[in-house]
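Here the structure is a predicted model, which means the values were calculated and not measured.
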There are 2 protein chains.
Amino acid sequence: MGDTPDTAGIDGVSEPSLDEQIAVYQREFQDLDPQVEKVVSALSRLNRRMNVAYGRQTAALGISNAEWEVLKALVISGAPYRMGPSELAKQLGLTPAAMTHRIDRMTAEGLVTRERDENNRVRVIVELTAEGRSKWLDAMRAATVFEEELLQDLSAGERGALGDMLTRLLDRVEDLQARG
Amino acid sequence: MGDTPDTAGIDGVSEPSLDEQIAVYQREFQDLDPQVEKVVSALSRLNRRMNVAYGRQTAALGISNAEWEVLKALVISGAPYRMGPSELAKQLGLTPAAMTHRIDRMTAEGLVTRERDENNRVRVIVELTAEGRSKWLDAMRAATVFEEELLQDLSAGERGALGDMLTRLLDRVEDLQARG
DNA sequence: TCCGAAGACTTCAACCCTAAAATTCGAAGC
DNA sequence: GCTTCGAATTTTAGGGTTGAAGTCTTCGGA
């Protein structure tokens, strides 16, 4: 049923092992498929740990995880690395209001600039600065190192199979979501 | 490098497909292993979607995702379903302060009770109420249905392999974390 | 027995997010 | 050419979280 979702605030966690936890669960709730449960719990636990790891890396670079996401979105948009706030908000999955605040902070830190679009003065253009791009690159390098270490126990064949299965799960969850 | 982490606030997301996104990334950052990237991005995107799904289910039952986690922890602890706030906080990966507030809310809603331990008056005991347990059961039923649907495209063999690989990743990330 | 240290929990201030209201500007209708 | 509708962004109010400071209780040494 999914572990606790968000990035933890405390480091030394001391959780029970996955199998332990599932065993306890079965005592309290009989019709539980341990195989399913294992996948689901591992997924969310893994994700939590990874977010903590990313958080450390970005913190070491002097930016927050949230800021890194904005940098990412801008880079992905390609040169000249410009996007509107609502476009960004949609991609990052948060509200326009939250985006406004993030841009406030990032502008103050010199990672992006914000200016009105002179062609259409309703719009605002957020643009990556050189410093922002450089921070992104640093974070990117750290992230790829970490990711490679994370997957080091898996063979190329396994990595492919894993990617494939996860993609199928992703398709399925999007399908379920679409149906409501 | 992991997608945007937290549970989105907006539903209709319209993200680029995974492969699309990775292709764009490779343009901007050459030494990127697409296989690794696919696994990592799928993991975090999947998790985000799952959290949204869980959130809907628990919301339908009149509790929040956060509250469900507390109920879970208490049930896992086994009868008589009692734990201290700091014990709970550690398991859920949040600060004691946050735990205090959650317990405040849940006490007001009748999901748990809070009382001082008369044997050791420094401690506080949080105990699941009958209503709390019933809510947990409802949420549990909904969750298992969803999880079974999520994995319906995977054969039993695939589920096992997936669980196994995820567990290995989890071990690895814990190992990396321990090293700092 | 008294005092100080340590532990468990709570309170306080600051921060970030969401949802909803307000603002600002552009576009279409009359 | 005014006016109204609609879209993009910002502002406001209200949760929820963290980190630090504060309170209360227990425990051990003088």
Whole-Å distance separating the [atom1] atom of [X] from the [atom2] atom of [N]:
X      : N      : atom1 : atom2 : value
B:E67  : D:dG16 : CD    : P     : 8 Å
A:R102 : C:dC17 : CZ    : P     : 5 Å
B:D104 : C:dT11 : CG    : P     : 7 Å
B:R121 : D:dT25 : CZ    : P     : 6 Å
B:H101 : D:dG19 : NE2   : C1'   : 12 Å
A:E87  : D:dA8  : CD    : C1'   : 12 Å
B:L94  : C:dC9  : CG    : C1'   : 14 Å
A:E118 : C:dG26 : CD    : C1'   : 14 Å

Practice problem: For the residue pair A:F146 and A:Y54, categorise the inter-ring angle as parallel (less than 30°), tilted (30 to 60°) or perpendicular (more than 60°). | Solution: perpendicular

Quiz item: Can you say whether the rings of B:F29 and A:W136 are parallel (under 30°), tilted (30 to 60°) or perpendicular (over 60°)?
Solution: perpendicular

Quiz item: In this structure, which one of A:T100, A:T107, A:D104 forms a side-chain hydrogen bond (donor to acceptor under 3.5 Å, both in side chains) with A:R114?
Solution: A:D104

Quiz item: Taking for each residue the nucleotide of DNA chain C with the nearest heavy atom, is it A:R116 or A:A66 whose nucleotide lies nearer the 5' end?
Solution: A:A66

Self-check item: Side-chain N,O (A:S86) to OP1/OP2 (D:dA8) below 4.0 Å
Solution: no

Quiz item: So, is B:R114 near the phosphate of C:dT10, with a side-chain N or O under 4.0 Å from OP1 or OP2?
Solution: yes

Nearest to the side chain of [X] - [options]?
X      : options                : result
B:R123 : C:dC17, C:dA8, C:dG26  : C:dA8
B:T95  : D:dT26, C:dT10, D:dG19 : D:dG19
B:T100 : C:dC9, C:dC16, D:dT9   : C:dC9
A:A97  : C:dC12, D:dG16, C:dT18 : C:dT18

Practice problem: Apply side-chain hydrogen bond (donor to acceptor under 3.5 Å, both in side chains) to the pair A:Y81 and B:E28, showing each step before the final yes or no. | Solution: CA-CA 11 Å; A:Y81 309 119; B:E28 298 290 334; 2.8 Å; yes

Exercise. Applying side-chain contact (heavy atoms from CB on, under 4.5 Å), run through A:Q21 and B:I76 and close with a yes or a no.
Key: CA-CA 8 Å; A:Q21 177 179 320; B:I76 288 182; 3.9 Å; yes

